[in-house]
2 protein chains.
Amino acid sequence: MSRTPPHPTREQIELPMVLDCLSDPIRLAIVYQLAQQEPVSSELCCGDFNALSGKSNLAYHFAKLRECGLMQTRVAGTNRFMRLRREDLDARFPGLLDAVITSAAKDADRLRLVSECEVVDAG
Amino acid sequence: MSRTPPHPTREQIELPMVLDCLSDPIRLAIVYQLAQQEPVSSELCCGDFNALSGKSNLAYHFAKLRECGLMQTRVAGTNRFMRLRREDLDARFPGLLDAVITSAAKDADRLRLVSECEVVDAG
DNA sequence: TTGATAGTTCAACAAACGTTGAACATAGGG
DNA sequence: CCCTATGTTCAACGTTTGTTGAACTATCAA
């Protein structure tokens, strides 16, 4: 598979694009899941999101998240590891990412941020 | 003109809809302009946004902003007065509106949040 | 080399979106 | 009453979006 894909620089990150990206339920769930995992490890790979949708649809959303500057992708063998661009986002838009994630957490069930099986596992 | 249009209740306000609404440049400019005016008077009428786009296009965006719970419209004679639903938004999504407005302010010129003539007037 | 695994790319399609202008409704002033 | 100002609604349009499945690429392990 090709090399590590292009990402915007910090200064190229645009507010409307970020908000638009976060407004899609699947992408919000991806960002939320990344944020939840952050204390443990800052990275997750594509397969960790398979519960959210099909692989090709996820690839589409990953690309959007990358293009708008929300995520960074690192290629390692046959895996791609993704992490939130927290530093860049906090620098550009202070408090925004946290506010979104906190708000999303409050509505977690309404938003189906967790996949069905995870909910079952937790219960 | 018909009666005052329907608005969602506080609990009906949904995060993805709010983010999607804010991701449009014209709507972001409307919200920003309302937020700027807040200390002075919490309301502006439709005509105050005429620099942003045509009247029918603005009516379309006003409807979106109302439907997602960002704004409230009050009918007074031939005017409609609009204000941000700050209390409701802060209750549902603490810090979100402020983070968006602060971020928008930082990029004010890049985002064309102010109309051309306002910029000229200021210069 | 063969096969399996991980993920991307492409073409297709329906649905939703933003913009326009024309028509409409309503209220207020002469 | 007529006229104007304010704002909405409607139909039309081209564009962008999200989703699908099939084809593809690349890496690793046996």
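Per chain, numbering begins at 1; letters A, B, ... match sequence-line order. As the structure is a prediction and not an experimental result, all values here were calculated from the model.
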Return the set of residues passing salt bridge (Lys or Arg N to Asp or Glu O under 4.0 Å) with [X] (not counting sequence neighbours), or none when no residue passes.
X	value
B:Arg83	none
A:Asp88	A:Arg10, A:Arg85
B:Arg66	none

Side-chain N or O of [X] versus OP1/OP2 of [N]: is the shortest distance under 4.0 Å?
X	N	answer
B:Arg80	C:dA27	no
B:His61	C:dC17	no
B:Asn79	D:dG7	yes

For A:Ser23 and for B:Leu58, find the nucleotide of DNA chain D with the closest heavy atom, then tell me which residue's nucleotide is more 5'.
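The answer here is B:Leu58.
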Donor-acceptor pair under 3.5 Å, B:Thr78 side chain vs C:dG28 base:
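Under the 3.5 Å cut-off, the side chain and the base do not form any donor-acceptor pair.
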Please enumerate all residues that pass side chain to side chain donor-acceptor pair (under 3.5 Å) together with B:Asp107, with sequence neighbours excluded.
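With neighbours one apart ignored, the set is A:Arg92.
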Listed nucleotide nearest any side-chain atom of [X], set [options]:
X	options	result
B:Phe62	D:dT8, C:dT8, C:dT20	D:dT8
B:Lys55	D:dG7, D:dG18, C:dG7	D:dG7
B:Ile26	C:dA6, C:dT19, D:dG21	C:dT19

Nucleotide D:dG7, atom C1' - distance to CG of B:Leu44 in whole Å
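Answer to the nearest Å: 16 Å.
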Taking ring pair (Phe, Tyr, Trp, His ring centres under 6.0 Å) as the test, write out the residues that go with B:Phe49, two or more places apart.
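Residues passing ring pair (Phe, Tyr, Trp, His ring centres under 6.0 Å) with B:Phe49: B:Phe62.
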Look only at the side chain of A:Asp48 and the backbone of A:Cys45, and say whether a donor-acceptor pair between them is shorter than 3.5 Å.
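Answer holds: yes.
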Produce the list of close N/O pairs, under 3.5 Å, pairing protein atoms with atoms of nucleotides 12-17 of chain D; give distances to one decimal.
none

